[in-house]
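Heavy-atom basis, side chains included; hydrogens, waters and symmetry copies ignored. Residues: numbered from 1 along the sequence shown.
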Amino acid sequence: TPYAVAPLGVTMQVNPPSSWGKVSGTVTDASTGAPIAGATVQICTMYDSRTGRCGEVSYTLKTDANGYYQYWLSKGYNPLQLLAAKDGYQPQAKLVKITAGQAITVNFALKSS
């Protein structure tokens, strides 16, 4: 518009559904403890350990500058297999279950390849 408009600060509070839980954590270098920015964290839902297969839904996340990731999802997607990977490092997988209304922390310390 041709008119100057003063910026307006906005804050939004969003509450997840009661059946959802949060999975979060950090990906770090195993030898230095330094965060690994841009690492890929894949969340494989409804993981079947007998067949090694995921359900129909999976999520792919990237870590931020501090190696941090987070995601909210329904407990109906249990169990989850989380896989952390980054070029130059050995990938690492972990099996977890989320609990409704709770947060779980799943950290990864990747070794150089």
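Identified under the disulfide (SG to SG under 2.5 Å) test for residues 19-110, with sequence neighbours left out: C44-C54. Sorted by first then second residue, the disulfide (SG to SG under 2.5 Å) pairs that include residues 55-113, not counting sequence neighbours, number zero. The disulfide (SG to SG under 2.5 Å) analysis of residues 61-113, with sequence neighbours excluded, yields no pairs. Judged as a side-chain hydrogen bond (donor to acceptor under 3.5 Å, both in side chains), the pairs with a partner in residues 97-113 (not counting sequence neighbours) are, in order, T26-N107. Within the structure, salt bridge (Lys or Arg N to Asp or Glu O under 4.0 Å) contacts touching residues 41-62 (residues at least two apart or in different chains) are D48-R50. For residues 78-113, no pair satisfies disulfide (SG to SG under 2.5 Å), with sequence neighbours left out.
Taking Ile, Leu, Val, Met, Phe, Trp and Tyr as hydrophobic and joining them when side-chain heavy atoms fall under 4.5 Å apart, one finds Y47 in a cluster with L95. Grouped with Y68 in a hydrophobic cluster is no other residue, since no side-chain heavy-atom contact under 4.5 Å to another Ile, Leu, Val, Met, Phe, Trp or Tyr is found. Other residues sharing the hydrophobic cluster of V41, ordered by chain and number and joined by side-chain separations under 4.5 Å: V23, V27, I36, I43, M46, V57, Y59, L61, Y69, Y71, L73, Y77, L80, L82, Y89, V96, I98, I104, V106, F108, L110. Residues V14 make up the rest of the hydrophobic cluster containing M12, defined by ILVMFWY side-chain heavy atoms closer than 4.5 Å, directly or through other members.
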Would you check, one step at a time, whether the test side-chain contact (heavy atoms from CB on, under 4.5 Å) holds for K22 with Q70? CA-CA 7 Å; K22 181 172 86 168; Q70 68 175 348; 3.3 Å; yes
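Residues G67 and P35 approach most closely at N-CB, 3.7 Å, considering heavy atoms.
With sequence neighbours excluded, the residues forming a side-chain contact (heavy atoms from CB on, under 4.5 Å) with P17 are S19, W20, listed by chain and number. Qualifying side-chain contact (heavy atoms from CB on, under 4.5 Å) partners for A37, counting only residues two or more places apart in sequence or in other chains: none.
Between the side chain of T63 and the backbone N or O of A39, at least one donor-acceptor pair lies under 3.5 Å.
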